[in-house]
Undergrad: 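Below is a structure I'd like to ask you about.
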Amino acid sequence: MDRINQSVREGLISELKALDLSTIAAKTYLALLYKPGASASFLCNETGVPDSKIYYALNELSKKGMIVVQEGTPNTYRALHPKE
């Protein structure tokens, strides 16, 4: 996500929060748009969200139908396109 300008990233996070997402879920969703098929470990490194909270964000996104979970060892996560 380093390729996204900081002000653009903050704007996108604000937009996602306006859709009733938590900050950590918004950061996680953006990371998944950048890197589909990511593991929770990758997402922690990419977003700075601690592993104790990343699963809350992933659960929030899953409940809202914004991501797909591919079960495995480890599970991987893919964001659905915003139009979906």
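Count residues from 1 along the sequence. Both backbone and side-chain heavy atoms feed into the values below; hydrogens, waters and symmetry mates do not.
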Undergrad: Pairs of donor and acceptor atoms involving the side chains of residues 59-75, under 3.5 Å and at least two apart or interchain, shall be tabulated with distances.
TA:
| from | atom 1 | to | atom 2 | distance (Å) |
| --- | --- | --- | --- | --- |
| Glu60 | OE1 | Ser22 | OG | 2.8 |
| Glu60 | OE2 | Ser22 | N | 2.9 |
| Lys64 | NZ | Asp20 | O | 3.4 |
| Asn75 | OD1 | Gly72 | N | 3.0 |

Undergrad: Quick one: OH on Tyr34 to CZ on Phe42, what's the gap to the nearest 0.5 Å?
TA: 6.5 Å
Undergrad: Any chance you could measure Ser14, atom OG, to Leu21, atom CG, to the nearest 0.5 Å?
TA: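 The CG atom of Leu21 is 12.0 Å from OG of Ser14, to the nearest 0.5 Å.
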Undergrad: Taking side-chain contact (heavy atoms from CB on, under 4.5 Å) as the criterion, tell me which of Ile24, Leu43, Val49 meets it with Leu58.
TA: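 Among Ile24, Leu43, Val49, the one that satisfies the side-chain contact (heavy atoms from CB on, under 4.5 Å) with Leu58 is Leu43.
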Undergrad: Drop me the distance from Glu10's CD to Leu30's CG, to the nearest 0.5 angstrom.
TA: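 One finds 11.5 Å between CD of Glu10 and CG of Leu30.
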Undergrad: Go through the structure and list residues passing side-chain hydrogen bond (donor to acceptor under 3.5 Å, both in side chains) with Glu15, not counting sequence neighbours.
TA: none
Undergrad: Hey, could you give me the SG/CG distance between Cys44 and Asp51, rounded to the nearest 0.5 Å?
TA: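 Answer for the SG-CG pair, Cys44 versus Asp51, is 5.0 Å.
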Undergrad: Which atom names give the shortest non-hydrogen contact between Ala79 and Leu32, and what distance separates them?
TA: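 Residues Ala79 and Leu32, closest heavy atoms: CB-CB, 3.7 Å.
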Undergrad: How long is the gap from CG on Leu16 to OH on Tyr29, to the nearest 0.5 Å?
TA: 7.0 Å
Undergrad: For the NZ atom of Lys17 and the CG atom of Leu19, what is their distance to the nearest 0.5 Å?
TA: 12.0 Å
Undergrad: Considering non-hydrogen atoms only, spot the tightest contact between Tyr55 and Ala40 and give its length.
TA: OH-CB, 3.3 Å
